[in-house]
Amino acid sequence: MVIYLTMKINLYNSLTNKVEEFKTIKPGEVSMYVCGPTVYSDPHIGNMRPVVLFDTLNRFFTYVGYKVKFVSNFTNVDDKIINKAIKENVSEEVISERYTKDYMDCLDALNILPAYKRPKVTEYMDDIIKYIANLVNINAAYVVDGDVFFDVMKVKDYGCLSKIKIDDLISGARVELNDKKHNPLDFALWKKTENGIKWHTDWCEGRPGWHTECCVMIDSIFGGVIDIHGGGLDLKFPHHENEIAQAMATHNNKIAHYWIHNGMMNINSEKMSKSLGNVIKAKDGINLYGADTIRLLLLNCQYRNTLNFTDDAVRDTNAILDKLNNCYKQLNLKLALEGVKLEGKSDLINPFLESMSDDINLPNAITNLLDMIKLANSELRNKDCSLDKLKEYFYALSGMIYVLGLHINVRIYTSDEISLYKEYLDSKKSKDFVKSDELRKVLIEKEVL
RNA sequence: GCUUCCUUAGCCAAGUUGGUAAGGCAAUUGACUGCAACUCAAUGACCGAUGGUUCAAAUCCGUCAGGAAGCUCCA
């Protein structure tokens, strides 16, 4: 397993807009942080794209032998949460916990690996306040009437991630008007608030802005620069840009060596939006189409491209899944019948791993999967099929299924099931079709066939 | 207006250190099969348009057209 650590992995870095060779900071260990949800409503299906993508990346790293420290946060302090709490006349915690649970339910359904940590903003308030205080101390931030703003002019590289020039932004059509700010691009680190949960600080009673929490959590949990920071493309600006600005001011680093952004998702070529009424909630999508279908559908598209969710895409995805399930089941059964060990690894998975190493080229990896299925099916049809080959195919497919995170497991058959299956094969051989048809019915009921 | 990105067969979709285009779905044909399911094989594109660089470009550069996202704490 560890031998794969020598594998060369390339990743597209949003920071440089180039494909770069992936080198970890600590040998054999990957630190990865992905921006999580603001827990104020049900997650929709598009929210699951980064979830599934980065989980698959996590699985890939794990499979090839890395230890992965995966962290994703919950924003549980936010205007939307406060407003919803007021509307329902409950505490903010009730709201945020409700939707945190909903979110976690979706992750469970989608077979997401446990994270190293899933921190919440409220758990890091002391660190956040200290972090902001330091920014004020070093003069990268300023206080106006209790509000604290970050001064973007204090950072040389502001715009390095989004490739946006400060001057262009300022002359842009839609810059927020705020008399308090020195510069329209300055963003709130801490704001004075009337409603909702608030914390006491020297500046005022209030709560933090959105952009600081990720910096602080990464600092506190990882204690320095990390390997990968991920998130949706929509977060690139201003959120990730502002994270980098704060880290540059604080530590003179850009938080992560590799910034990875997944593309957005459309439904029938339209952006999901409440006004169009085309939003599919994640849990509804999972219930309607199945977790594996959703997972594979989200993965079967270059991750930086816009993904279009359509009925055709669902159909295509199911075709792949059906093939995989059928083939895997037949291999499993055949090997079980012959008493071959069902756990193992095979080098036949290498093309798949190479596709994954090529900037997470999942469409090609899935093609590799289909190639393997084709080989296995042909061999299964072969009258004197080679058990060794079937075993290799099975092991390779098992690895791919693990990386893709599908709910397809190795099945251990009971001796009764095996003998029933043998009986079925014998009856077919002796052309006792009445009996074989009956046995087939039973076997299908038991999901052996 | 500014920034970034996209445009490949009926549909979905890979493919940038340049050298005559993966795969899937659908369709048609054939093979296998006691029947069914499953499966296998064969058949299609000169890569948005137009210039340029080059012996050679889907792949590099220019222009145009169409589309997307961001610039508004929405992944």
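Per chain, numbering begins at 1; letters A, B, ... match sequence-line order. Model, not experiment: these values are computed from the prediction.
- With respect to the salt-bridge test (charged N to carboxylate O, under 4.0 angstrom), the residues A:Lys154 and A:Asp151 qualify.
- In a base pair of the Watson-Crick type (N1 to N3 plus N6-O4 or O6-N4) or a G-U wobble (N1-O2 and O6-N3), with each distance short of 3.5 Å, B:C71 is matched with B:G1.
- If you run salt bridge (charged side-chain N to carboxylate O under 4.0 Å, His left out) between A:Lys283 and each of A:Asp105, A:Asp102, A:Asp108, only A:Asp102 comes through.
- Donor-acceptor pairing under 3.5 Å, judged by distance alone, is absent between the side chain of A:Asp234 and the base of B:G70.
- Residue A:Asn17 places its side chain closer to B:C5 than to any other of B:C5, B:C71, B:C25.
- With a cut-off of 3.5 Å on both Watson-Crick or G-U wobble distances, the partner of B:C64 is given as B:G48.
- Relative to the six-membered ring of A:Tyr12, A:Arg304 meets both conditions, a distance below 6.0 Å and an angle of at most 45° to the axis.
- A:Ala319 comes within 4.0 angstrom of sugar-phosphate atoms only, judged by non-hydrogen atoms across all strands, and of no base.
- Checking A:Tyr124 against A:Ser220 by side-chain atom types alone, no donor-acceptor pair falls below 3.5 Å.
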Checklist entry - Which letters describe nucleotides 30-36 of chain B, given B = protein heavy atom under 4.0 Å from base, S = only from sugar-phosphate, - = neither? => result --B-BBB
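- Between A:Asn318 and B:G24 there is no side-chain polar atom (N or O) within less than 4.0 angstrom of OP1 or OP2.
- Nearest-nucleotide positions on RNA chain B for A:Arg207 and A:Thr310 put A:Thr310 closer to the 5' end.
- Aromatic ring pairs are classed by plane angle as parallel below 30°, tilted from 30° to 60° and perpendicular above 60°; the pair A:Trp210 and A:His239 is parallel.
- Remark: B:U53 base-pairs with no nucleotide; criterion is Watson-Crick or G-U wobble with both hydrogen-bond distances under 3.5 Å.
- Among the protein residues, A:Met48 comes within range of no part of the nucleic acid, since none of its heavy atoms lies under 4.0 Å from any strand.
- In this structure, A:Asn305 reaches the B:A14 phosphate: one of its side-chain N or O atoms is under 4.0 Å from OP1 or OP2.
- Annotation for A:Ile244 and A:Lys254: closest pair CG2-CG, 3.8 Å, computed over non-hydrogen atoms.
- Across B:A13 and B:U17, the matching C1' atoms stand 24 Å from one another, rounded to whole Å.
- Looking at the side chain of A:Met264, the nearest of the listed nucleotides B:A75, B:C12, B:G23 is B:A75.
- Here the separation of B:A58 from B:A9, taken at their C1' atoms, is 14 Å to the nearest Å.
- Here B:A36 sits opposite no nucleotide as a Watson-Crick or G-U wobble pair (both hydrogen-bonding atom distances under 3.5 Å).
- Between A:Tyr103 and A:Phe74, the ring-plane angle classifies as perpendicular under the 30° and 60° cut-offs.
- Between B:C5 and A:Lys236, no contact under 4.0 Å exists linking OP1 or OP2 to a side-chain N or O.
- Taking the P atoms as reference points, B:G10 lies 33 Å from B:U4, given to the whole Å.
- In this structure B:A41 sits in a base pair with B:U29, meeting the Watson-Crick or G-U test at under 3.5 Å.
- The residue A:Asn377 sits close only to the backbone: its heavy atoms come under 4.0 Å of sugar-phosphate atoms, none of a base.
- Contact annotation: A:Asn361 reaches the phosphate of B:G15 (side-chain N/O to OP1 or OP2, under 4.0 Å).
- Between A:Tyr328 and A:Phe394, the distance from one ring center to the other falls under 6.0 angstrom.
- A ring-centre distance under 6.0 Å is not found for A:Tyr421 and A:Tyr413.
- Note on A:Asn364: every side-chain N or O is 4.0 Å or more away from OP1 and OP2 of B:A22.
- Residue A:Ile320 has its side chain nearest to B:G24 when only B:G24, B:A75, B:C40 are considered.
- Toward the 5′ end of RNA chain B lies the nearest nucleotide of A:Thr367, the other residue of the pair A:Arg315 and A:Thr367 mapping further downstream.
- The partner of B:A58 cannot be assigned: no Watson-Crick or G-U wobble pair with both contacts below 3.5 Å exists in any strand.
- Residue contacts for A:His44: at a heavy-atom cut-off of 4.0 Å it reaches a base atom on one of the strands shown.
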